[in-house]
*Asks:* 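My questions will all concern the structure given below.
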Amino acid sequence: MSVKFRTIKGVQDILPPRTYLWQRVEDAAKRIFSLYGFSEIRTPIIEFTELFVRSIGEDTDIVEKEMYTFQDRAGRSITLRPEGTASVVRAYIQNNLYNLPAPQKFYYNGPMFRYERPQKGRYRQFHQIGVEAFAVDAPYVEAELIEMLWLLLEELGMENLNTEVNSIGCSECRPDYKKKLLNYLEGNLGSLCADCMRRYRHNPLRVFDCKVPSCKEIITGAPKITEFLCENCGDHFKRFLSYLKKLDIPYSINPSMVRGLDYYTRTVFEVTTTSLGAQNAVAAGGRYDTLVEEFGGPRTPAAGFAIGMERLITLLEEKPFEPPRPDVYIVSLGDEATDVAYTVASSLRREGLQAELSYGTGSLKSQLRRADRFNATLALIIGEDELRRGTLTCKRLSDGFQVEVKLTDLITDIKKYLNLSLNIEY
RNA sequence: GUGAGUGUAGCUCAAUGGUUAGAGCACUGGACUGUGGCUCCAGGGGUUGUGGGUUCGAGUCCCAUCACUCACCCCA
């Protein structure tokens with residue numbers, strides 16, 4: 001068979017049973033975010049290119065080389081969103097959502113697009129579940145966000161995760177620190193690797209991430225941003241950490257963590273794992289106190305985070321997972337019996353039971369084999385004998401127990417045997 | 001954008017340059033006429049990613065291309 005069409009590089013079909021994992025994550029997120037007062041917001045997948053350039057930052061890799069940008073028929077520059085925050089902030093201002101009682105809290109879920117070379121945990125179309133909280137200045141918000149994130153990850157049974165936190169200061173203290181760092185690096189320019197030379201000019205904070213041993217050595221002596229925060233930022237960070245402690249959330253301070261987007265201020269955080277290879281961030285976020293105002297809205301502090309769905313799903317797939325299975329599989333022999341099977345399936349489904357049927361194709365043996373393959377709890381058999389007696393043979397597949405039940409008592413009997421089989425499993 | 005590795009049945013993989021490209025799993029059927037899982041047997045399923053080249057002969061060697069994987073860069 002020759003396949004005529006394939007997916008584009010770096011995008012993928014998400015198929016069952018994997019989709020059940022996606023649903024599990026989405027359902028849990030929806031439920032937990034609601035507990036914290038977050039409402040769903042849905043924004044378009046395409047926006048004017050300028051929105052992302054202005055929010056993410058002109059000098060970032062995302063804007064420089066990773067955006068899916070095209071001209072529409074009227075010649076406007078349009079971009080497939082590479083992340084979620086910019087659109088939410090745009091919607092917040094455009095729809096005057098700041099007039100709602102503060103704080104305003106939103107969550108979103110959907111595909112993002114970045115033109116990158118794919119690898120483990122990194123795709124050109126990927127999905128994020130994210131949240132944004134507006135109009136609260138207090139560091140309690142960041143702590144609460146992380147608490148909510150942890151609750152979700154815990155509920156999903158995630159283990160071996162680390163939360164790393166840092167403060168990258170504000171427009172007041174960060175430039176001062178940057179100068180100090182540049183001064184320090186300047187004295188070691190000769191020993192830096194080629195990448196770090198570029199970082200030195202481009203994004204000096206990134207030198208902290210370098211894996212080259214000689215660079216690492218230089219970095220250990222470099223000034224740390226947490227030591228140069230202004231009074232307000234330092235105080236904010238301290239309070240943030242104390243809230244985390246109060247909420248009993250394990251964390252470690254990573255003074256070298258910087259985020260890739262320009263809009264972050266003060267608190268930044270990442271939840272990482274060791275089992276994802278190089279792409280180890282499962283979720284990440286931070287505070288962005290100036291973005292709303294920069295976009296023409298009122299002065300509004302804000303904070304948020306986003307979860308990388310594919311990465312989370314990859315972690316969940318390390319554990320055994322059982323997709324939903326039919327309560328009953330209906331086996332029928334002959335056209336007349338299959339007619340009955342069809343109406344039986346219908347009435348069972350109306351009772352909220354998952355019923356699968358064979359439509360009478362194949363021998364009894366092969367139909368039962370299929371019932372087994374479907375992992376059904378019960379097999380219901382309708383043949384000539386049952387047809388004549390107005391009954392069904394009900395067979396419990398876990399232990400082979402079998403009983404004939406009257407069609408008129410079907411619903412109550414089936415429910416009984418479904419419960420019974422559950423009891424046996426426990 | 002850079003580097004490395006891999007492309008053979010639906011899946012996981014065999015096949016010294018030499019007959020008609022095989023096996024396990026999965027699927028379908030049978031052994032067992034109305035009873036699943038275990039076992040055994042049989043069957044269907046392939047343009048060996050694609051296009052060139054070398055050769056008497058290419059799944060195998062060479063080149064190109066595409067895809068996938070991993071890493072760098074960067075990020076969720």
Side-chain angles (χ1 to χ4, degrees), chain A residues 1-4 6-12 15 56 59-66 81-85 109-130 149 193-196 198-199 202-203 206 209-212 257-261 269-273 276-286 304-315 329 331-334 337 358 361-387 393-402 404:
Chain A
M1 188 170 37
S2 69
V3 181
K4 256 186 187 144
R6 326 193 108 265
T7 50
I8 291 165
K9 187 196 204 61
V11 312
Q12 56 192 337
L15 307 170
I56 296 165
D59 291 336
T60 59
D61 276 23
I62 293 177
V63 168
E64 274 183 358
K65 49 190 191 193
E66 295 176 0
R81 64 180 182 197
E83 61 105 34
T85 300
N109 171 25
M112 310 291 164
F113 303 85
R114 290 182 202 171
Y115 194 89
E116 297 180 272
R117 191 87 158 246
Q119 70 184 70
K120 190 180 179 72
R122 198 177 76 181
Y123 308 97
R124 290 185 172 179
Q125 176 176 340
F126 61 102
H127 298 75
Q128 290 185 338
I129 294 183
L149 178 56
C193 70
D195 277 339
C196 283
R198 193 169 40 80
R199 292 178 179 123
H202 212 64
N203 194 348
R206 288 234 160 263
D209 291 337
C210 190
K211 286 147 194 162
V212 179
M257 180 177 63
V258 295
R259 313 278 11 274
L261 299 91
F269 57 89
E270 260 180 33
V271 175
T272 59
T273 172
L276 274 178
Q279 314 303 319
N280 61 357
V282 180
F305 68 75
I307 303 168
M309 272 298 271
E310 281 80 357
R311 293 183 184 178
L312 184 54
I313 298 290
T314 302
L315 293 177
Y329 187 92
V331 167
S332 57
L333 299 165
S358 68
T361 54
S363 64
L364 175 67
K365 185 191 219 14
S366 69
Q367 290 188 50
L368 275 173
R369 190 159 41 219
R370 255 175 282 155
D372 193 53
R373 296 279 153 81
F374 270 102
N375 205 11
T377 308
L378 300 176
L380 301 184
I381 305 167
I382 311 173
E384 283 178 24
D385 298 346
E386 288 86 352
L387 210 52
T393 297
C394 170
K395 177 167 187 164
R396 191 162 60 208
L397 292 169
S398 58
D399 58 0
F401 170 79
Q402 186 169 308
E404 204 165 333

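Residue numbering restarts at 1 for every chain, and letters A, B, ... go by the order of the sequence lines.
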*Asks:* How long is the line joining CD of Glu310(A) and P of U69(B), in whole Å?
*Replies:* 12 Å
*Asks:* Report which part of the nucleic acid Glu83(A) touches: base, sugar-phosphate, or nothing (heavy-atom distance under 4.0 Å, all strands).
*Replies:* nothing
*Asks:* Which one is paired to U48(B), where only Watson-Crick or G-U wobble pairs with both distances under 3.5 angstrom count?
*Replies:* none
*Asks:* Using the C1' atom on both, measure G57(B) against G17(B) and round to a whole Å.
*Replies:* 8 Å
*Asks:* Could one point to a donor on the side chain of Arg122(A) or the base of C70(B) with an acceptor on the other under 3.5 Å away?
*Replies:* no
*Asks:* Starting at CG of Leu149(A) and ending at P of A76(B), how long is that distance when rounded to a whole Å?
*Replies:* 14 Å
*Asks:* Under a 3.5 Å cut-off for both distances, is C68(B) Watson-Crick or wobble paired, and to whom?
*Replies:* G5(B)
*Asks:* Identify the two heavy atoms, one from Tyr329(A) and one from Ser358(A), that lie closest to each other, and give their separation to 0.1 Å.
*Replies:* OH-CB, 3.3 Å
*Asks:* Could you check Met309(A) against Thr7(A) and say which one's nearest nucleotide on RNA chain B is further toward the 5' end?
*Replies:* Thr7(A)
*Asks:* Would you say the side-chain atoms of Arg114(A) pair up with the backbone N or O of Tyr123(A), donor to acceptor, closer than 3.5 Å?
*Replies:* no
*Asks:* Is there, by distance only and without an angle test, a donor paired with an acceptor across the side chain of Asp372(A) and the base of G36(B) below 3.5 Å?
*Replies:* yes
*Asks:* Considering only U69(B), A76(B), G29(B), which nucleotide approaches the side chain of Arg370(A) most closely?
*Replies:* G29(B)
*Asks:* Would a distance-only check, ignoring hydrogens and angles, find a side-chain to backbone donor-acceptor pair under 3.5 Å from Gln367(A) to Ser332(A)?
*Replies:* yes
*Asks:* So what does Gly121(A) hit on the nucleic acid, given a heavy-atom distance under 4.0 Å: a base, only sugar-phosphate, or nothing?
*Replies:* base
*Asks:* Counting only Watson-Crick or G-U wobble pairs whose two distances fall under 3.5 Å, which nucleotide matches C74(B)?
*Replies:* none
*Asks:* When the C1' atoms of G1(B) and G52(B) are compared, how many Å lie between them, rounded to an integer?
*Replies:* 28 Å
*Asks:* Distance between the C1' atoms of A71(B) and C11(B), in whole angstroms?
*Replies:* 27 Å
*Asks:* Any non-hydrogen side-chain atom of Ile129(A) less than 4.5 Å from a side-chain atom of Met309(A)?
*Replies:* yes
*Asks:* Do Lys365(A) side-chain and C32(B) base share a donor-acceptor contact under 3.5 Å?
*Replies:* yes
*Asks:* Is the backbone N or O of Val11(A) less than 3.5 Å from a side-chain atom of Arg124(A), with the two atoms forming a donor-acceptor pair by type?
*Replies:* no
*Asks:* What is the separation between atom CG on Asp385(A) and atom P on U35(B), rounded to the nearest whole Å?
*Replies:* 11 Å
*Asks:* Would you say Gln119(A) reaches A71(B)'s phosphate, i.e. side-chain N/O to OP1/OP2 under 4.0 Å?
*Replies:* yes
*Asks:* In terms of the nearest nucleotide of RNA chain B, which residue is placed more toward the 5' end: Ile382(A) or Gln12(A)?
*Replies:* Ile382(A)
*Asks:* I need the NZ-P distance between Lys65(A) and C72(B), as an integer number of Å.
*Replies:* 14 Å
*Asks:* What does Val331(A) touch in the nucleic acid at a heavy-atom separation under 4.0 angstrom: a base, only the sugar-phosphate, or nothing?
*Replies:* nothing
*Asks:* Tell me whether the side-chain N or O atoms of Arg117(A) pair up with the base of U2(B) as donor and acceptor below 3.5 Å, since no angle test is needed here.
*Replies:* yes
*Asks:* To the nearest Å, how far apart are Asn109(A) CG and A76(B) C1'?
*Replies:* 13 Å
*Asks:* Just by modelled atom types, is the Pro111(A) backbone N or O under 3.5 Å from a matching donor or acceptor in the Arg81(A) side chain?
*Replies:* yes
*Asks:* Is Glu270(A) touching bases, backbone alone, or none of the nucleic acid, heavy atoms closer than 4.0 Å?
*Replies:* nothing
*Asks:* Across the strands shown, which category fits Ala284(A) at heavy-atom distances under 4.0 angstrom: base, sugar-phosphate, nothing?
*Replies:* sugar-phosphate
*Asks:* Heavy atoms only: give me the nearest Glu310(A)-Gln125(A) pair and the separation to one decimal.
*Replies:* OE2-O, 4.0 Å
*Asks:* Expressed as a whole number of Å, how far does the C1' atom of U48(B) sit from that of G7(B)?
*Replies:* 9 Å
*Asks:* Should Ser366(A) be listed as having a side-chain N or O under 4.0 Å from OP1 or OP2 of U35(B)?
*Replies:* no
*Asks:* If pairing requires Watson-Crick or G-U wobble contacts with both distances under 3.5 Å, which nucleotide is the partner of C56(B)?
*Replies:* G18(B)
*Asks:* Over all strands shown, is Tyr123(A) touching base, sugar-phosphate only, or nothing at heavy-atom distances under 4.0 angstrom?
*Replies:* base
*Asks:* Could you let me know what C27(B) is paired to, Watson-Crick or G-U wobble, both distances under 3.5 Å, or none if it's on its own?
*Replies:* G43(B)
*Asks:* Reckon Thr60(A) touches a base, only the sugar-phosphate, or nothing at all at heavy-atom distances under 4.0 Å?
*Replies:* nothing
*Asks:* Answer with base, sugar-phosphate or nothing: what part of the nucleic acid does Ile381(A) contact at a heavy-atom distance below 4.0 Å?
*Replies:* base
*Asks:* With a 3.5 Å cut-off and just heavy-atom distances, do the side chain of Gln367(A) and the base of U35(B) make a donor-acceptor pair?
*Replies:* no
*Asks:* What nucleotide among A71(B), C74(B), U35(B) has an atom nearest to a side-chain atom of Lys395(A)?
*Replies:* U35(B)
*Asks:* I'd like to know if Glu64(A) reaches the base of G1(B) with its side chain, counting only an N/O donor and acceptor under 3.5 Å.
*Replies:* no
*Asks:* Base, sugar-phosphate or nothing for Lys9(A)? Non-hydrogen atoms, less than 4.0 Å.
*Replies:* sugar-phosphate
*Asks:* Nearest to the side chain of Leu364(A), which nucleotide is it out of G36(B), U35(B), C74(B)?
*Replies:* U35(B)
*Asks:* Measure CZ/Arg311(A) against C1'/C74(B) and give the value in whole Å, please.
*Replies:* 10 Å
*Asks:* Rounded to the nearest Å, what distance is computed from the CD1 atom of residue Ile313(A) to the P atom of nucleotide A76(B)?
*Replies:* 18 Å
*Asks:* Would you kindly give the CD-to-P distance between Glu66(A) and U2(B), to the nearest whole Å?
*Replies:* 15 Å
*Asks:* Classify Gly84(A) by what it touches in the nucleic acid, base, sugar-phosphate, or nothing, heavy-atom distance under 4.0 Å.
*Replies:* nothing
*Asks:* Side chain of Arg373(A) only, please: which of G34(B), U28(B), C73(B) is the nearest?
*Replies:* U28(B)
